Amino acid sequence: MTAIDTLLQSDIDESLKAIARKVQQQERLTDEEGIYLFDHAEVGYLGVLANSIREQRHGNKTYFNKNFHIEPTNICVFDCKFCSYSRFLRERETYDAWEMTEEQIYDAIKAYDGQDITEVHIVGGVHPKMGLDYFTNLIQHIKAIRPDIHVKAFTAVELEYMARKAKVSYEECLRILKDAGQGSLPGGGAEIFDPEIREQICKDKCTGEEWLAIHEAAHSVGMPSNATILYGHIEKPVHLIDHMSKLRALQDKTGGFNAFIPLKFRNGNNQMSSIEEVSIVEDLRFFAISRIFLDNFNHIKAYWPMIGRQTAQLLLAYGVNDIDGTVDDSTKIYSMAGAEEQKPVMTTDQMVELIKAVGRQPVERDSIYNELRDYSEQELV
Ligand code: V47
Ligand code: SF4
């Protein structure tokens, strides 16, 4: 008897049983069923369904990669209310604003000479003086220094601004960056697509439609991408489901998304600090619902610098099969928003140990989920 069979024999309500049967038969949930889960399903029930999907797809495999970030600047023309990290151009002289020079960026790449890092993740504020030409040149140089590294770069927010300033279409912009050596897009900037919520939390940056159009354009030129959602603030279940439903529809069309990454709103040092952060139970519930609802996404990622390493570990039983990378203390987005991980760095051994400690199988992947090395038998030093 499977865990879902046991659920079906318990005294949960008929609607939850009908949803469990659908999951068992690998049928897609409707938006209404998704909302029903938010309103009525307990964390234990959600865990059973999400874990069965996770194990059906990936068994015990849990992916991680060896990566680092470069955040060229935190100067930003936008003013997202949840952002703890950005500073306006007029604040560029303040102690916590930064603008890396090209040389500093190349030095940051060279610092990994001889190390078996496979990915650099480049995102930052939307600086009014850094445009498409600047970034094209930057990527070409990075690839010249380190041809083997995968460049995952620029959120749709940065790309919308770049394309608009350069007066080129999204496709053209992305083709130029791809020719320069960019391999994929990260999932940031999605937040919540619903226009009314967006108006309240990040009204001046790209719209939900624009975010989706940019990812569709990326997929059309052969660049895969990730998708995110910012949960746990003023949104309601209907907005979360609407967001995931739009991603699911685009994935049906293009198949270009690799991973879905729920990002928990962290309330430190931003204009939404009066909103309390949601509990770990809500984290487990949301990740599980996303695993159940997004039937055409292969990977659900818990980004540990944002959620914390212990919650990331727990999430491996709630639908998650990927915990991102070693990171090497190279990102400030979450530490500045008050996350526990003030210096996010994990060695490969720590990553492997974290995954093994909850009975899963650590597998190093590259940026597009080719398996590079199975660490399950590795002796830890
Ligand atoms: O778009 C900013 C989020 C995102 C806060 O694709 C916040 O592999 C919570 O998208 N609380 C950028 N979230 C980071 C991102 C990302 C990270 C790791 C991996 C990948 C990937 C993508 O960070 C922003 C925004 O949604 N964010 N401030 C905050 N206070
Ligand atoms: Fe700028 Fe991104 Fe922060 Fe918004 S979330 S203010 S776009 S850096």
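Positions are given from 1 along the sequence. Only a predicted model underlies this, so the values are computations on that prediction, with no experimental measurement involved. For ligands, and for the atoms within them, numbers begin at 1 and follow the listed sequence.
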Within-shell test, H121 vs ligand 1, heavy atom, strictly < 4.0 Å: yes
Close N or O approach (K205, ligand 1; < 3.5 Å): no
Carboxylate-amine/guanidinium proximity below 4.0 Å for R28 and D252: yes
Element-labelled atoms of ligand 1 that are located less than 4.0 Å from some non-hydrogen atom of A337: 30 (N)
Sub-4.0 Å atoms of ligand 1 with respect to non-hydrogen atoms of T228: 10 (O)
Shortest non-hydrogen contact between N270 and C83, atoms and distance: CB-O, 3.6 Å
Exercise: do Y231 and E235 side chains pair donor with acceptor under 3.5 Å: no
Protein contact to atom 12 (C) of ligand 1 [nearest heavy atom, distance to 0.1 Å]: I333 CD1, 4.1 Å
For atom 27 (N) of ligand 1, the protein heavy atom that lies nearest, with its residue and separation: Y334 OH, 3.6 Å
For ligand 1, the portion of N267 having any non-hydrogen atom under 4.0 Å away: neither
Note: E171-K178 ion pair, threshold 4.0 Å (strictly below): no
Cation-aromatic face contact R291/F287, 6.0 Å, 45 degrees: no
Atom 1 (Fe) of ligand 2: the protein heavy-atom neighbour that sits closest, reported with distance to 0.1 Å: C76 SG, 2.3 Å
Atom 10 (O) of ligand 1: the protein heavy-atom neighbour that sits closest, reported with distance to 0.1 Å: G188 CA, 2.9 Å
Audit row: R198, E191, salt bridge (charged side-chain N to carboxylate O under 4.0 Å, His left out) steps and yes/no: CA-CA 8 Å; R198 226 171 162 80; E191 323 312 355; 5.8 Å; no
Donor on one side chain, acceptor on other, S245 and D31, under 3.5 Å: yes
Element-labelled atoms of ligand 1 that are located less than 4.0 Å from some non-hydrogen atom of N226: 6 (O), 8 (O), 21 (C)
P186 contact mode with ligand 1 (heavy-atom cut-off under 4.0 Å): both
Subset of ligand 1 atoms that lie under 4.0 Å from at least one heavy atom of L230: 7 (C), 9 (C), 13 (N)
Per-atom contacts of ligand 1 with F265, taking only distances under 4.0 Å to non-hydrogen atoms: 9 (C), 11 (N)
Selected option - heavy-atom contact closest to atom 11 (N) of ligand 1, from R266, E277, M272: R266
Polar contact flag for E191 and ligand 1 (N/O pairs, less than 3.5 Å): yes
N/O/S from C80 sitting under 2.8 Å away from atom 4 (Fe) of ligand 2: yes
Distance filter under 4.0 Å to L263 heavy atoms, resulting ligand 1 atoms: 3 (C), 4 (C), 10 (O), 15 (C), 23 (O), 26 (O)
Flag for Y303-N226: side-chain donor and acceptor within less than 3.5 Å: no
Enumerated ligand 1 atoms positioned under 4.0 Å from heavy atoms of N270: 30 (N)
Result of checking Y375, Y369, W304 against F64 for ring pair (Phe, Tyr, Trp, His ring centres under 6.0 Å): Y375
Atom 3 (Fe) of ligand 2 [closest protein heavy-atom partner, distance rounded to 0.1 Å]: C83 SG, 2.4 Å
Atom of M272, atom of N267 and distance for their closest heavy-atom approach: O-CB, 4.3 Å
Ion pair check, E282 and R285, cut-off under 4.0 Å: yes
Flag for T62-R54: side-chain donor and acceptor within less than 3.5 Å: yes
Protein contact to atom 9 (C) of ligand 1 [nearest heavy atom, distance to 0.1 Å]: K264 O, 3.0 Å
Smallest separation among heavy atoms of H215 and F257, with atom names: ND1-CE2, 3.7 Å
Test item: side-chain donor near acceptor, D349 and T347, under 3.5 Å: no
Residue part near ligand 1, for Y303, under 4.0 Å between non-hydrogen atoms: side chain
Contact check: I261 vs ligand 1, nitrogen or oxygen atoms, below 3.5 angstrom: no
Proximity of T155 to ligand 1 by residue part, where a heavy atom lies under 4.0 Å: neither
Closest approach of any protein heavy atom to atom 6 (O) of ligand 1, naming residue and atom: G187 N, 2.8 Å
Ion pair D148/R146, N-O distance below 4.0 Å: yes
Protein contact to atom 1 (O) of ligand 1 [nearest heavy atom, distance to 0.1 Å]: G189 N, 2.7 Å
Ligand 1 N/O within reach of F82 N/O, cut-off under 3.5 Å: yes
